[in-house]
Protein chains: 2
Amino acid sequence: MDRFRTMESFVRVVRSGSFTVGASQLGLSRALVSRHISDLEAHLGVRLLNRSTRSLALTEEGTAYLEFCEKVFREIETSELAIRRTRTEPAGTLKVLAPKSFGALHLSDAVVGFAKLQPRLRISLMLENTPYRGTYDFAERDLDVVLCFSTMRGASVIEEKIVTLDWVLCASPEYLARSGAPNTPAALADHSCLVHINVQPIDVVWRLSGPEGSVSVKVRAAFSADSSLTLRKAAVAGLGITMIPRYAVTDELASGALEIVLPRHKVAARPMLAVYPKAVVTPAKVQAFVEYLKAWMIERSFDVAQPG
Amino acid sequence: MDRFRTMESFVRVVRSGSFTVGASQLGLSRALVSRHISDLEAHLGVRLLNRSTRSLALTEEGTAYLEFCEKVFREIETSELAIRRTRTEPAGTLKVLAPKSFGALHLSDAVVGFAKLQPRLRISLMLENTPYRGTYDFAERDLDVVLCFSTMRGASVIEEKIVTLDWVLCASPEYLARSGAPNTPAALADHSCLVHINVQPIDVVWRLSGPEGSVSVKVRAAFSADSSLTLRKAAVAGLGITMIPRYAVTDELASGALEIVLPRHKVAARPMLAVYPKAVVTPAKVQAFVEYLKAWMIERSFDVAQPG
DNA sequence: CTAATTGTTCAATTTTATGCAACAATGATG
DNA sequence: CATCATTGTTGCATAAAATTGAACAATTAG
């Protein structure tokens, strides 16, 4: 027996003052409404309504139960609607996990802008380069979105591309003067390379595309770190050549603190992904944030796939 | 979909931290519990649980919904149990309608005694001789029990005999001296009779049983009233012969203010009935009251059907 | 008293809930 | 790093309800 339904019938009958009109208001048969009341009375072991063919009155227990029903329905109105609203209206807390360097350099600005647009939304931004381990993070660490560079094999997540980021090979002029700037990708193997350890082990192989096509070079990781900021510092200090997102070194390239290596070759651009659980419906806060971030980055010309 | 059931599943899953053990605790299959959560999420349009095969975590909306569920369940515990308890434990208010004379002379004492035994019970005693009109009174006037002398044709009520009351024919010695005491039932037709107008029109015919068997006499209502107290006063004042419950005139008969008329004949004893709605279960307060009243009256020798 | 209206009961029918088995997915283990 | 046990999900057959329409009982208005 569906108690919610029987309760609804009971309330309706009392309000309308009759089984017949109560039933018609609910779009049910009199027979069923009668059964509902009977079931309810059997369940409670108490008579709720004193009824004759012409008249209807609540018993004392009926009055108490009516109050209870109305209270429950009022709470459903309140709580369920509030929850339901989060489907279309961002609310609550948005928990984002993002790479350290990207977070520190840019995402924090984007997040602040987003927060201003969503005063009802609390935002929690965590910056870590912990490799993403599948849906585990969402469940265990209570995350809403994870931003990352590498794709996942997870089947129950959605990976949405935010932008395609430009990567560059660069080193300090001092290092290049000292060690000699490489002329071919293959020459990189003899150089001191600064490697991001978090972009999968695959990346100890660097891929470049030039006039001769795509080339893979296995490089020697003279120095490795889990943050582009560290790699940038190492490069500026003349420790070697690094492969790094362009956004991390724009200032250095402009000021001449760093120089592009192998300028005739290009480093493969990499997508930046927003990963979130695959659910029947995506929470509005997640959707809104991903949209915002995408627009924010494209507007600032982060995306090499888009003209900007 | 039974929302109470799905809510129960949801709470259980969260508490146990797993669909599997949650389902087994509820005695349901994992499949069903999984459906319950899905239905709930579809209903709310929101994901409640971030789940992977090894781990389980509430989303923000899930946390809010869990609170809601627990609140509702807590209220069910409280309210429903309180209501259910009235089945076995008298509580609330007991509303009794009784004939004026009986109420004034005896019932009020009985009710006071009952009230002392039931401190949690509020009692409302209304004394009226309004003829009982069927289940109407229970519904319209919000009554629990009606005490009366005449049986009803109502089919949806229970009529429980409290006691069988002795009735007597009596008059003042002064009247009998003046008008002559009747020797036969038939002689009553020539007397001035004091009639209770509320004991149905039938009662203008008085029935007596004597050595010659049962006799019916159509009497002349020289005086009629809706209360035995009034009839008693009239009789004491010498207005004529009245048929009256013995309980109303015990003192007068003892003191000699009134005398039995036709002592060799007997007035048919009449049952005093407690009438209450026919429900699947009778409220404890009604049951307790009827039981108490029955015992109380038998103890005081009101019942001619019982030795005492 | 009659008749119309109301609540209830009982049958049949539709709908829904439920469990089993196969499946997909994930993470612990060696 | 691959394997496998474990977990949540899905499809399908079945069992269990909810639901209705019609006959019924009961009550009151005219």
Side-chain angles (χ1 to χ4, degrees), chain A residues 1-6 8-10 12-14 16-24 26-42 47-57 131-140 152-157 200-202 277-280, chain B residues 1-6 8-10 12-14 16-24 26-42 47-57 132-140 152-157 277-280:
Chain A
M1 134 177 140
D2 186 336
R3 285 241 279 301
F4 267 121
R5 199 174 281 255
T6 57
E8 196 95 51
S9 293
F10 173 62
R12 212 64 249 165
V13 164
V14 172
S16 64
S18 142
F19 280 59
T20 307
V21 327
S24 81
L26 289 165
L28 301 173
S29 62
R30 282 175 303 171
L32 186 57
V33 172
S34 176
R35 243 194 90 83
H36 281 171
I37 308 289
S38 295
D39 287 351
L40 221 41
E41 289 181 329
R47 167 162 267 225
L48 295 172
L49 295 167
N50 276 329
R51 38 199 187 273
S52 70
T53 41
R54 299 285 158 182
S55 154
L56 205 69
Y132 174 61
R133 289 191 294 157
T135 60
Y136 176 79
D137 289 315
F138 296 108
E140 202 74 359
M152 255 43 258
R153 57 189 171 294
S156 56
V157 295
Q200 304 294 358
I202 312 165
K278 182 193 291 173
V280 265
Chain B
M1 129 179 144
D2 186 336
R3 285 241 279 301
F4 266 120
R5 198 175 282 255
T6 57
E8 196 95 51
S9 293
F10 173 63
R12 208 75 237 169
V13 165
V14 172
S16 64
S18 142
F19 280 58
T20 306
V21 328
S24 81
L26 289 166
L28 301 174
S29 62
R30 280 175 305 170
L32 187 57
V33 171
S34 175
R35 247 196 89 81
H36 280 172
I37 307 289
S38 295
D39 287 351
L40 222 41
E41 289 181 329
R47 168 161 267 226
L48 294 172
L49 294 168
N50 276 330
R51 39 199 187 273
S52 71
T53 40
R54 298 286 158 185
S55 152
L56 204 70
Y132 174 60
R133 290 191 294 156
T135 59
Y136 177 80
D137 289 315
F138 297 108
E140 202 74 0
M152 256 42 260
R153 56 189 170 293
S156 57
V157 295
K278 182 194 290 172
V280 265

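Below, read A as the first sequence line, B as the second, and so on, with proteins coming before strands; counting in each chain starts at 1.
- Closest contact between the side chain of B:Thr20 and the listed nucleotides D:dG8, D:dT28, C:dT8 involves D:dG8.
- For A:Glu41 and A:Arg51, the salt-bridge test passes: some basic side-chain N is under 4.0 Å from an acidic carboxylate O.
- In this structure, the nucleotide among D:dT9, D:dT20, C:dG7 sitting nearest to the side chain of A:Leu28 is D:dT20.
- Between A:Ser18 and A:Leu56 the shortest heavy-atom distance is N-CD2, 3.7 Å.
- Residue B:Ser18 is in sugar-phosphate contact alone, with no base atom involved, counting any heavy-atom pair closer than 4.0 Å across all strands shown.
- Looking at heavy-atom distances under 4.0 Å, A:Gly17 makes no contact with the nucleic acid at all.
- Rounding to whole angstrom units, CZ of residue B:Phe138 and C1' of C:dG7 are separated by 18 Å.
- Computed from coordinates, the A:Leu48 CG to C:dT8 C1' distance equals 16 Å when rounded to whole Å.
- Residues that satisfy the side-chain hydrogen bond (donor to acceptor under 3.5 Å, both in side chains) test with A:Arg12, not counting sequence neighbours, are A:Gln25.
- Of the candidates D:dT19, D:dT28, C:dG19, C:dG19 carries the atom nearest the B:Leu32 side chain, counting heavy atoms from C-beta on.
- Between A:Lys278 and B:Arg30, the residue whose closest nucleotide on DNA chain C is further toward the 5' end is B:Arg30.
- Atom-to-atom, CG of B:Leu56 to P of D:dT9 comes out at 9 Å; the value is rounded to the nearest Å.
- Using a 4.0 Å heavy-atom distance criterion, B:Gly22 is classed as making no nucleic acid contact.
- Rounded to 10 degrees, the angle separating the terminal helix axes of the helix from C:dC1-D:dG30 to C:dG30-D:dC1, each built from five base pairs, is 30°.
- For A:Ala31, taking side-chain heavy atoms from C-beta onward, the closest of the listed nucleotides C:dT9, C:dA17, D:dT19 is C:dT9.
- Counting to the nearest Å, the C1' atom of D:dT27 and the CG atom of A:Asn50 are 15 Å from each other.
- For the pair A:Asp2 CG and C:dT15 P, the computed distance is 17 Å after rounding to whole Å.
- Put simply, the side chain of B:Val13 does not reach to within 4.5 Å of the side chain of B:His36, judged on heavy atoms.
- Residue B:Arg3 places its CZ atom among more than 12 non-hydrogen atoms of other residues, nucleotides or ligands, all under 6.0 Å distant.
- Ranking D:dT20, C:dT26, C:dT8 by closeness to the B:Thr53 side chain, first place goes to C:dT26.
- The CZ-C1' distance, from B:Arg5 to D:dA18, rounds to 13 Å in whole Å.
- Between the side chain of A:Arg51 and the base of C:dG7 there is no donor-acceptor pair of N/O atoms closer than 3.5 Å.
- Separating the CZ atom of B:Arg35 from the C1' atom of D:dT7 is a distance of 19 Å, rounded to the nearest angstrom.
- At the phosphate of C:dA17, neither OP1 nor OP2 sits under 4.0 Å from any side-chain N or O atom of B:His36.
- Between A:Ser34 and A:Phe19, the shortest heavy-atom distance links the atoms CA-CE2, 3.7 Å.
- Pairing each heavy atom of B:Ser16 with each of B:Val21, the nearest pair is CB-CG2, 3.1 Å.
- With D:dT20, D:dT28, C:dG7 as the choices, the nucleotide that has an atom nearest any side-chain atom of A:Ser52 turns out to be D:dT28.
- Listed here is the closest heavy atom pair of B:Ala23 and B:Val33: CB-CG2, 3.5 Å.
- B:Ile37 places its CD1 atom 15 Å from the P atom of C:dA17, with the value rounded to the nearest Å.
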